[in-house]
Undergrad: 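Here it is, the structure in full.
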Amino acid sequence: MVTHASAQMTAGRLPLVVGNWKMNGTRVTSVELLAALRSAGPFDAEVSVCCPFPYLVDVALSLQGSGIAWGAQDCSQHEPGAYTGEVAASMLAEFGCRHVIVGHSERRTHHAESDTLVADKARQALAHGLTPIVCVGETRAERDAGSTEAVVKRQMSAVIHALGHCVSQIVVAYEPIWAIGTGLTATPQQAQALHAVLRAQLAAASTRAGEMRLLYGGSVNAANAAELFAQVDIDGALVGGASLKEADFSAICRAASHAALGSTGKSRT
Ligand code: 13P
């Protein structure tokens with residue numbers, strides 16, 4: 001369980017595995033999936049499930065007391081008011097959400113979310129006691145053009161600008177867009193290189209950058225998770241497709257638990 005692992009990781013970062021269900025499942029399959037996940041736990045890493053808004057009550061009831069957290073996949077940058085179709089961070093807090101994903105590439109692409117809008121959403125989440133999981137990542141064309149670092153740093157810098165030293169309270173997810181849902185994973189070395197760039201950028205803004213969790217996302221599965229988690233700056237994963245299959249998601253959570261207990265041999269201090 002989280003408390004147990006925390007005690008073992010006094011100087012380190014507790015790995016975090018977050019399932020992003022996206023717009024998948026039904027009310028029935030969601031509850032079944034969570035019942036199976038609950039039986040597979042407890043885990044020695046922090047585990048969270050970000051579900052579609054309408055399932056939040058069921059998810060909260062299914063996971064209460066399990067040690068597994070839950071959250072949502074987006075929130076409004078506004079306080080409650082006349083914003084048809086939006087969901088306020090304060091509402092998510094009412095449902096016991098711990099996390100909210102902001103700036104996922106699917107929202108940046110399909111809903112034209114800008115870097116500053118994503119930063120405003122992150123600030124709103126923090127204002128209501130939620131931990132924003134801020135996604136950054138480059139397209140295939142940007143990687144091929146050699147602009148990966150510049151793109152990711154630009155996305156991160158908007159959030160740093162909006163949050164200042166409070167940026168240490170967020171979780172960052174590096175998700176190369178070309179690796180999302182494609183079966184193409186960044187190599188552990190490619191992912192580690194970007195995570196190191198991000199941590200250095202965060203360190204210039206906060207003395208607590210060394211305590212921040214930086215997750216990797218993009219075709220993480222049961223087979224590749226352990227090697228990713230063994231990288232010194234990779235502190236867990238944001239998992240799409242594999243989070244919809246209990247056996248796969250549990251295996252990823254177990255790989256993170258092994259990392260939490262230090263069996264990968266890496267030092268996170
Ligand atoms: P996949 O794990 O399906 O590639 O999705 C990654 C993702 O977008 C998580 O937010």
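Remember, it's a predicted structure, so these values are computed and weren't measured experimentally. Read the numbers this way: they start at 1 and go in the same order the structure lists the ligands and their atoms. Position 1 is the first residue of the sequence, and the numbers go up from there.
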Undergrad: Ligand 1 and T182, any nitrogen or oxygen pair closer than 3.5 angstrom?
TA: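 T182 vs ligand 1: no N/O contact under 3.5 Å.
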Undergrad: Out of R108, K22, K121, which one pairs with D74 under the salt bridge (charged side-chain N to carboxylate O under 4.0 Å, His left out) rule?
TA: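 In the set R108, K22, K121, the residue that makes a salt bridge (charged side-chain N to carboxylate O under 4.0 Å, His left out) with D74 is K121.
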Undergrad: Considering only protein heavy atoms, which is closest to atom 2 (O) of ligand 1, and at what distance to one decimal place?
TA: G240 N, 2.9 Å
Undergrad: Number the atoms of ligand 1 from 1 as they appear, then name those within less than 4.0 Å of a heavy atom of L238, with their elements.
TA: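 The list of qualifying atoms is 9 (C), 10 (O).
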Undergrad: Using heavy atoms and a threshold below 4.0 Å, how should the contact between A179 and ligand 1 be classified: side chain, backbone, both, or neither?
TA: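 The part of A179 near ligand 1 is the backbone, not the side chain.
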Undergrad: Enumerate the atoms of ligand 1 whose separation from the nearest heavy atom of G241 is less than 4.0 angstrom.
TA: 1 (P), 2 (O), 3 (O)
Undergrad: Under 3.5 Å, side chain of S66 to main-chain N/O of R38, donor-acceptor pair present?
TA: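 No, the answer is negative, given that no donor and acceptor are paired below the 3.5 Å cut-off.
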Undergrad: Decide whether an N or O pair under 3.5 Å exists between E106 and ligand 1.
TA: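 No, since none of the N or O atoms of E106 sits under 3.5 Å from an N or O of ligand 1.
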Undergrad: Determine whether the side chains of Q231 and Q189 contain a donor N or O and an acceptor N or O closer than 3.5 Å.
TA: no
Undergrad: Taking only heavy atoms of N20 into account, list the atoms of ligand 1 that are under 4.0 Å away from them.
TA: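 So the atoms of ligand 1 that pass are 9 (C), 10 (O).
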Undergrad: How would you list, by chain and number, every residue that makes a side chain to side chain contact (heavy atoms under 4.5 Å, CB included) with R143, sequence neighbours excluded?
TA: E138, R140, T148, Y174, W178, Q190, L194
Undergrad: Looking only at protein heavy atoms, which one is nearest to atom 9 (C) of ligand 1, and how far off is it?
TA: E175 OE2, 2.9 Å
Undergrad: Would G181 count as a contact of ligand 1 if the rule is a heavy atom under 4.0 Å away?
TA: yes
Undergrad: My understanding is that only one of V118, V136, L198 makes a side-chain contact (heavy atoms from CB on, under 4.5 Å) with Q155; could you say which?
TA: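 So, applying the side-chain contact (heavy atoms from CB on, under 4.5 Å) to Q155 and each of V118, V136, L198, only V136 qualifies.
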Undergrad: Are A242 and ligand 1 in contact, using a heavy-atom cut-off of under 4.0 Å?
TA: no
Undergrad: Ignoring hydrogens and geometry, is there a side-chain-to-backbone donor-acceptor pair from T109 to E106 under 3.5 Å?
TA: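 No, T109 side chain to E106 backbone: no donor-acceptor pair under 3.5 Å.
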Undergrad: Hydrogens and angles aside, do E32 and T29 bring a side-chain donor and acceptor to less than 3.5 Å of each other?
TA: no
Undergrad: Which ligand 1 atoms does S219 reach within 4.0 Å, using its non-hydrogen atoms?
TA: 1 (P), 2 (O), 4 (O)
Undergrad: Can you tell whether the side chains of D233 and R213 come within less than 4.0 Å, N to carboxylate O?
TA: no
Undergrad: Counting each atom of ligand 1 from 1 as listed, which ones have a heavy atom of H104 under 4.0 Å away?
TA: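 Atoms satisfying the 4.0 Å criterion: 7 (C), 8 (O), 9 (C), 10 (O).
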